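Inspection log for the structure reproduced underneath, given as structure tokens.
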Amino acid sequence: AGTLTTAVAIDPASWDPIDTFLVDWSSAANNIYDGLTARGADMKLTPALATSWEFLDDNKRIRFKLRENVKFHNGEPFNAQAVKFTFDRLLGEEGRKGPQQSNYNSIERVEVVDDNTVDFIMKQPDPVLLTKLAGYGAMIVPPKYVQEKGDDYFNTHPVGTGPFKFVEYNPKDRLILEANPDHWGGAPKLDRLVFRFISEANTQVAELQAGRIDVATLIPFGLAPTIEKSQNLSLMSVTGPTVVSLRFNTKDGITKDVNVRKALIMGVDRDAIIKAVLLGHGKPIASFQSELSFGNDPALKPLPFDLAKAKQMLQAAKVPAGAPVRIDFRGNDATFREVAQATAGYLQALGLKPALQPHEPPVLLNDIIPNGKTGEAWHQAWGGWTFDYDNNAYLMYHSGEKWNPYYNDAKLNEMLEKQRLVYDVKEREKILQEIARYVADQALELPLYNQNTIYGVNKRVKDFDAPADRRFRYTKTSVE
Amino acid sequence: MSDITASSKLLNGPLLSVRSLSVEFGTERGPFRAVKDVSFDVSPGRTLAVVGESGSGKSVTSLAIMRLTDYTGGRIVGGEVLFQPSGGEALDLTKASDDKLRDIRGNDIAMIFQEPMTSLNPVFTIGNQIAETLILHESLNPREARLRAKELLQKVRLPDADRLLDRYPHQLSGGMRQRVMIAMALACNPKLLIADEPTTALDVTIQAQILNIIRDLQQEMGTAVIFITHDMGVVAEMADDVVVMWKGEKVEQAPVRDIFTAPQHPYTRALLSAVPRLGSLKGEPLPKRTPVIVMDGGAPKLVGDTHVQNTADYAKPILQVEKLTTRFDVGKTFFGRVTHRVHAVEEVNFDLYPGETLALVGESGSGKSTIGRTLQQLVEPTSGTVRFNGRDMASMSQGERRRLRQEIQYIFQDPFASLDPRHTVGYSIAEPIIVHGLIKDRKAIEKRVHELLVQVGLQPQHAKRYPHEFSGGQRQRVCIARALASDPKLVIADESVSALDVSIQAQIVNLLMELQEKRGLSYLFITHDMAVVEKISHRVAVMYLGQIVEIGPRQAIFENPQHSYTRKLLSAVPIADPERERAKTRIEGEIPSPVRAVGQEPAIHRMREVGPGHWVAIEADALRGVA
Amino acid sequence: MAGFITKRLLQALFVILAVTLIVSFAIRLSGDPAIMLMGGGNVTEQDLQNIRQALGLERPFHVQYLSFLQGIFVGDLGRSFIGNTPVSALIGQALPATLLLAFTSLLISIVLSVPLGIHAAVHRGRWPDQLIRILSLVGLSFPNFWLAIMLVLLFSIFLGILPPSGMEGPESFVMPALTMAIILTATNVRLVRTSMLETLSQQYIMVARSKGLRDRIVLYKHALRNSAIPLVTYIGVQFGNLIGSIVIVERVFNWPGMGTLAFDAVSNRDYPVLQGTIAVLALFIVLINLAVDIAYGLIDPRIRTE
Amino acid sequence: MAAAQAASSSRSRFRSLELVLGILFAGGISLAVLLSPILFPDGGEGMDLMSRLIPPFQDFKHILGTDPLGRDVLARVVVGGRISLVVGILSVLGAVLIGTFVGLIAGYYRGIPEMLLMRFVDIQLALPFILVAIMFLAILGAGIDKVILVMIATQWVQYARIVRGSVLALREREFILSARAIGVGNGRIIFTHILPNVLGPIVILMTLNVANNILLESSLTFLGLGVDPLIPSWGGMLADGRTYLQTAWWVSVFPGLAIMFTVLGLNLLGDWLRDYLDPTGQTSK
Ligand SMILES: Nc1ncnc2c1ncn2[C@@H]1O[C@H](COP(=O)(O)OP(=O)(O)OP(=O)(O)O)[C@@H](O)[C@H]1O
Ligand SMILES: Nc1ncnc2c1ncn2[C@@H]1O[C@H](COP(=O)(O)OP(=O)(O)OP(=O)(O)O)[C@@H](O)[C@H]1O
Ligand SMILES: [Mg+2]
Ligand SMILES: [Mg+2]
Ligand code: NI
């Protein structure tokens with residue numbers, strides 16, 4: 001019993017699964033909808049609306065057995081038709097207008113076998129598909145409701161099969177859900193969930209301190225100690241998907257030279273930054289992925305911090321003293337602002353002349369990066385919810401990708417393409433690790449850290465599983 | 001002297017007793033003592049006239065009595081001002097609390113300020129400003145107050161009082177504003193009325209009525225009056241006692257008869273000798289300069305000589321005014337339709353010749369200033385033509401018009417308002433020289449400014465002062481100097497000598513006449529002072545309700561006035577002789593107003609020639625116009 | 001008067017046209033909403049094309065702008081790119097929140113600054129003046145988000161009497177309005193003070209005093225109205241500034257207003273929402289300034305002549 | 001008003017006190033800022049992650065403490081004045097010059113020029129600063145010069161409107177008429193008679209806007225649009241320090257105080273200038 005209030009940063013404006021890519025959507029909607037599969041706070045994949053699945057026809061067909069006697073919140077039955085409808089919608093006209101379709105392009109179509117069985121016919125292999133079915137665009141929606149009420153109504157009055165039912169939505173302010181006692185996984189312990197949209201970190205913390213929210217999702221590291229010290233609050237810090245690196249311009253400037261890039265990496269004390277700026281809420285990384293990520297190789301170690309060696313290498317590469325290093329970054333990322341300054345401090349110690357250039361995010365995203373207008377380096381933060389290195393690596397290193405304006409390497413391209421066709425887990429992992437090593441070898445980026453996901457939680461909240469990816473599912477949680 | 005002895009002494013004595021009052025100003029050049037050790041008494045029902053040199057501290061003394069010097073940066077550095085309010089203890093106003101002072105101000109002691117233009121708040125209606133005092137001191141409600149305000153306006157002979165209540169100060173003529181000020185001061189039937197040059201902007205007929213009102217008040221309520229004036233005729237008519245001030249000190253005090261018959265101090269004598277007397281040029285066709293006695297240090301000295309002003313050249317007029325009409329819109333509906341207009345000037349015709357002085361006299365509000373402003377292109381005429389040197393002004397180019405502004409100078413009726421408060425008077429005087437490029441060299445300009453200041457009776461070091469640091473008369477002289485600076489051909493002088501003491505006035509008048517002789521200047525001289533008119537003008541035009549009702553050679557007008565209004569005007573002139581029977585003229589009845597509803601055009605009366613160049617309006621026509 | 005007002009309203013229409021045209025044009029130079037909508041994941045050029053087509057962004061600029069204008073005339077401001085919500089619904093919700101906040105803070109500021117400014121002017125050079133002047137500067141020395149956080153720390157966390165954010169009851173107005181009012185007041189106090197000094201040296205003020213009027217009447221009736229022109233003008237200008245700076249205050253206090261709406265619209269390159277909000281805000285700013293111009297004539301009859 | 005008399009005698013002394021204090025504050029801070037290359041040769045950039053967030057008055061080397069990156073707050077405050085003062089002063093000067101000129105012309109000539117100029121002003125006024133800033137900086141790219149340009153572009157209208165408002169009232173005053181009557185040309189009337197009489201509110205607004213603009217830079221930083229965070233600036237420090245208000249107040253309070261003293265100094269100078277320009281103020285209340 002009781003109400004739990006969670007603050008998330010952004011109001012996604014639509015609760016339709018195919019309209020959004022925002023984590024904040026998932027933070028709330030993960031309680032409204034179910035997917036065929038699910039992933040808990042421990043990041044393990046479990047059955048959800050599908051009870052089991054098997055790969056047929058040389059992996060070209062995947063057959064799902066569906067859970068029976070499940071009803072949508074509006075009373076509509078969940079069945080194979082609903083699954084087909086969901087994916088037809090996602091892959092059809094409707095889905096084309098949203099950002100989710102492209103994530104599921106590997107699916108050719110969905111076929112109804114019987115009321116409780118569906119087949120997914122694959123266009124091409126997709127090793128990550130089962131994970132993708134646990135969230136976002138693959139959340140199952142009620143066909144009759146959507147068809148009758150229309151898309152606009154559905155946007156603001158979502159209906160799913162999840163543990164909580166929609167009650168009220170005030171745009172830019174809050175979303176209110178109530179318990180769905182008939183949920184197939186059992187009735188949740190809480191009566192009500194409130195999600196408030198608060199985009200300013202200081203405000204979230206203030207609300208948390210004032211006891212008006214129970215869970216804060218946006219906590220600047222500078223305020224972490226305040227929460228830790230507070231009597232009725234606790235700070236939860238878990239390894240999350242977000243990794244941060246400084247990507248290098250491999251085409252122009254001093255960073256053209258791989259040795260210079262390596263020197264830059266060695267010249268920055270990443271451990272010190274994690275300790276001082278992130279206050280320990282992060283881990284060093286050697287490749288652009290978190291340790292939870294599929295494809296992560298614990299054996300791959302980051303280049304060590306060695307100022308003297310770095311200086312030497314710069315000298316060897318004939319980099320003049322005071323050579324400029326410009327770093328472009330997202331201006332609204334307060335944490336990175338500090339990290340960037342600290343990094344610049346180290347670059348300065350190397351005898352270089354760093355400059356930091358903040359940008360409005362759309363500008364960085366639309367113009368500076370894709371059009372190759374960055375300085376010697378730029379800020380890249382990434383947090384794929386699938387926890388699969390493919391998602392990061394392909395977009396970052398494959399030639400022609402928007403995020404990769406400079407680097408074009410046939411060997412790397414080939415490896416990236418190849419792993420996408422491999423279902424064999426072991427083999428795919430091997431290729432991914434190879435990619436990571438290759439990238440590290442070419443020093444395409446300065447891997448900074450894997451940033452923890454931190455929550456500020458009121459101590460009255462019990463059984464709060466802190467999910468690494470912020471996709472809450474408050475089925476077991478309760479409040480005092 | 002302690003308060004207690006003071007009050008016991010005052011019990012049956014004077015209402016106000018000023019004892020050794022001294023007032024000082026802190027200026028940038030160090031402290032300046034404007035009033036030194038001045039003492040006098042005023043008793044209920046009596047009038048004390050204060051006369052004296054311009055800048056001698058008259059206004060400052062009166063401000064100090066009400067303790068208003070506090071707000072002008074002045075400081076009472078010595079003396080006391082004992083006031084006996086209704087039935088209560090005598091009170092030293094220099095030490096009274098703010099609350100007490102507020103009770104007294106406006107209620108027991110009221111003041112009419114010297115400069116009516118700047119004394120009214122520009123953003124409130126006349127009605128509002130009068131009613132305010134009544135609501136405060138007489139506890140009237142707004143409706144009653146408005147009614148009373150209307151009565152007061154009628155009492156000071158303002159036409160169309162009802163509508164006037166809703167008009168703003170800038171829509172009134174100088175004399176109208178002055179009467180509003182008077183109405184305001186009289187509102188609460190004060191025990192003591194301080195009137196600082198209350199009638200300078202009024203024509204003599206209205207002046208006579210205002211003086212009557214004050215006398216009535218004295219008789220009915222026992223009001224004591226301090227009357228500051230330069231007009232010795234008014235002094236003779238009004239005063240019981242006279243105080244003469246000179247350079248911040250009281251130099252003489254005596255009953256009015258004694259002052260006129262046996263002046264003691266040399267300054268008093270100099271002053272009286274300068275008083276212009278109506279009829280002094282009887283039989284003479286041309287105006288005449290006469291020598292004046294001025295104070296040189298402490299001793300009187302005779303300057304100037306007698307000189308007939310034979311300067312006018314009637315060959316070709318410098319200025320021709322034909323059918324000049326100027327109207328103002330005063331009533332407008334929300335949709336911008338005009339409902340009422342002020343017919344300020346209606347089809348006025350006259351010529352002015354080089355070297356000639358034309359005096360424009362007439363009732364207050366009859367359109368004299370408006371004519372001046374129209375000639376100076378400050379107001380757009382509604383119709384009519386004005387020719388300067390034969391050229392129609394309307395057809396002149398931008399450049400020609402600007403040049404015209406060098407050749408025609410207009411001296412504003414209110415000197416304070418017409419000087420930029422942010423510039424020194426030296427700068428203001430130099431400005432016409434600079435903008436018309438008359439003198440190029442900076443040193444030479446400075447020299448010329450000093451010269452001009454000396455000519456108008458000021459000192460070269462005054463150039464560095466700002467307008468607010470001058471007395472009313474001093475400012476007026478600054479304006480005259482400024483007008484003369486551009487070396488004009490025609491000067492329009494609007495009440496330009498009215499704030500000057502007669503001695504300075506005589507000097508300025510002589511200066512103007514001298515310049516006329518040397519440079520062939522023409523003057524359009526707007527004034528209410530008939531004695532000055534007689535002395536200075538070649539011809540006279542008399543205005544009434546926006547039209548010229550009589551125009552002709554000075555001698556003809558003064559010795560053979562034809563129009564009834566002209567006659568009334570001449571008979572109302574106060575004579576500087578206390579022995580004369582005090583005039584008791586009282587004009588009753590409807591006061592004609594120049595405000596008319598749209599479509600109701602006034603009748604233009606025809607003129608007939610009664611002597612050479614002497615034209616008079618046919619009165620039957622005028623009456624039809626009024627009706 | 002009526003003529004003047006109709007003329008100015010027509011001009012206001014032109015101003016709004018110009019403003020929306022500038023904004024619509026400029027925003028299209030600085031980023032592609034399709035990319036923003038895709039969030040930078042797995043996107044192909046084809047995907048982007050699809051989205052642009054769906055949003056009607058492939059049409060030439062003038063066509064897009066004209067259809068926006070057509071929409072305005074039938075009261076349809078289009079739909080948000082995000083969530084497909086009608087822009088008019090978004091504005092309908094945000095506008096009252098912002099206007100309420102803006103007017104409350106303006107009101108607070110006027111109520112505070114007029115007496116303080118007058119007091120400072122009257123006591124010029126002495127301690128009340130110095131104190132008021134220095135205090136007003138403290139309000140100017142820290143940015144509004146900083147002041148906001150301080151207020152939150154004080155009232156919500158330390159004293160626990162006001163909600164730190166959100167628009168709920170009347171108590172939630174206190175801090176956002178105060179934050180903005182502090183800064184406005186700092187400016188207004190000084191403006192009132194200067195204009196008062198100018199007016200207090202006029203002769204008619206002395207005349208008013210000679211009538212025995214209470215200081216309050218002399219100052220608040222006679223002097224204030226004569227000093228009001230710069231103040232009233234500045235309030236008109238401030239309203240514009242207020243709308244500009246309200247973005248930050250709304251963010252800090254999580255106020256669901258126009259500032260947030262416009263800021264998010266810019267960040268997401270959500271053209272319809274941005275165009276709509278700017279048009280509505282422009283309308284208000286223009287109307288306020290029209291009111292100011294009309295007020296001139298009411299304040300000072302001498303200006304009425306034209 | 002009881003103290004009025006005392007005031008008049010002490011006024012001249014007070015006026016010079018304003019001048020002295022104004023010069024002391026504004027001048028002192030400007031001097032420190034000018035000398036900053038000598039006082040703090042490392043430009044406040046000397047980072048030391050090990051000595052982060054030292055409170056003020058505890059370590060002799062860091063009298064005002066250190067920031068989250070272990071940089072000396074005092075050094076950053078002094079060096080930070082460079083950008084802040086340049087931004088504050090240049091932007092205000094630019095805006096004042098343009099705005100005053102437009103306001104004078106519009107208010108004096110009225111008619112068509114007024115209509116055109118004032119509608120232009122309305123357009124500018126209706127574009128909220130932050131949004132203009134975002135778009136402008138997005139299109140032109142960031143940088144201190146562009147920040148100043150945006151401020152000028154958005155703020156000149158304030159002056160234009162204020163000036164026009166005052167001019168409307170002034171041009172009906174008698175002394176303007178009398179200047180015209182003497183033949184003073186329009187240009188000269190505008191610049192020698194009208195301008196000095198509208199300067200009071202402008203001077204006040206100017207000195208206040210210097211503060212405002214120093215702070216605007218921090219608002220831009222708050223929204224992620226500011227300038228290079230490596231170059232210290234008061235606004236940037238305030239924005240960066242906001243998350244440390246509960247744990248390390250000194251990071252943002254000292255730059256705030258620096259702004260305060262600068263603004264106080266400038267305002268005292270502004271008041272003095274206003275008085276200096278207003279002769280009537282010298283002797284009357
Ligand atoms: N505010 C002021 N500051 C400095 N000096 C002043 C101030 N007001 C008046 N004075 C000076 O005090 C003297 C007396 O002025 P006051 O106004 O009393 O003269 P007045 O006798 O009324 O003259 P007038 O007949 O010309 O009006 C003058 O010399 C004048 O210059
Ligand atoms: N701007 C204006 N708006 C409306 N009415 C005006 C305006 N200026 C003057 N008037 C009116 O025009 C008439 C003539 O005014 P004018 O100033 O010419 O009179 P005057 O003869 O100079 O009087 P006085 O001797 O009292 O100065 C008056 O009734 C006055 O109220
Ligand atoms: Mg006087
Ligand atoms: Mg007149
Ligand atoms: Ni007081």
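Below, read A as the first sequence line, B as the second, and so on, with proteins coming before strands; counting in each chain starts at 1. Here the structure is a predicted model, which means the values were calculated and not measured.
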(message) Given heavy-atom pairs under 4.5 angstrom as the criterion, report whether the side chain, backbone, both or neither of A:Pro12 touches chain C.
(response) backbone

(message) Is the shortest side-chain heavy-atom distance between A:Arg196 and C:Ser165 below 4.5 Å?
(response) yes

(request) Under 4.5 Å heavy-atom distance to chain A, tell me which part of C:Asn268 shows up: side chain, backbone, both or neither. (result) neither

(message) Is C:Arg52 in contact with chain A via its backbone, its side chain, both, or neither, using a 4.5 Å heavy-atom distance?
(response) neither

(request) Return the option, out of A:Glu207, A:Lys97, A:Arg174, with the maximum number of heavy-atom pairs under 4.5 Å with chain C. (result) A:Glu207

(message) Heavy-atom pairs under 4.5 Å with chain C - which of A:Gln100, A:Arg96, A:Lys172, A:Gln101 has more of them than the others?
(response) A:Arg96

(request) Kindly write out the residues that satisfy side chain to side chain contact (heavy atoms under 4.5 Å, CB included) with A:Leu416, not counting sequence neighbours, or none if the list is empty. (result) A:Ala393, A:Tyr394, A:Tyr397, A:His398, A:Leu412, A:Ile435

(request) Quick one: list whatever passes side chain to side chain contact (heavy atoms under 4.5 Å, CB included) with C:Val266, sequence neighbours left out. (result) A:Glu360, C:Ile27, C:Arg269, C:Leu274, D:Leu131, D:Ile134

(message) With a 4.5 angstrom heavy-atom cut-off, is it the side chain or the backbone of C:Ile149 that approaches chain A, or both, or neither?
(response) side chain

(request) Find the distance between CD (A:Gln209) and CG (C:Leu153) and round it off to the nearest 0.5 Å. (result) 7.0 Å

(request) Measure the shortest side-chain to side-chain distance between C:Gln93 and A:Asp173 over non-hydrogen atoms and say whether it is less than 4.5 angstrom. (result) no

(request) Given salt bridge (Lys or Arg N to Asp or Glu O under 4.0 Å), test C:Glu168 with A:Arg212 step by step and report yes or no. (result) CA-CA 12 Å; C:Glu168 285 150 25; A:Arg212 286 162 36 100; 3.1 Å; yes

(request) Using modelled atom types only, decide if a donor and an acceptor are shared between the side chain of A:Thr203 and the backbone of C:Phe253 within a distance under 3.5 Å. (result) no

(request) Could you grab the distance from atom CD1 of C:Ile82 to atom OG of A:Ser14, nearest 0.5 Å is fine? (result) 10.5 Å

(message) Which atoms of A:Pro361 are under 4.5 Å from chain C, going by heavy atoms: the side chain, the backbone, both sets, or neither?
(response) neither

(message) If we define contacts as heavy-atom pairs under 4.5 Å, which of C:Pro163, C:Gly166, C:Ser156 has the most with chain A?
(response) C:Pro163

(message) I need the A:Thr156 OG1 to C:Asn84 CG distance, nearest 0.5 Å.
(response) 10.5 Å

(request) Can you tell which part of A:Asn202 gets under 4.5 Å to a heavy atom of chain C, answering side chain, backbone, both or neither? (result) side chain

(message) Just checking C:Phe103: does its CZ atom have more than 12 heavy atoms from other residues, nucleotides or ligands closer to it than 6.0 angstrom?
(response) yes

(message) To check you understand the geometry: which heavy-atom pair defines the closest contact between A:Ala206 and C:Val152, and what is its length?
(response) CB-CG1, 3.5 Å

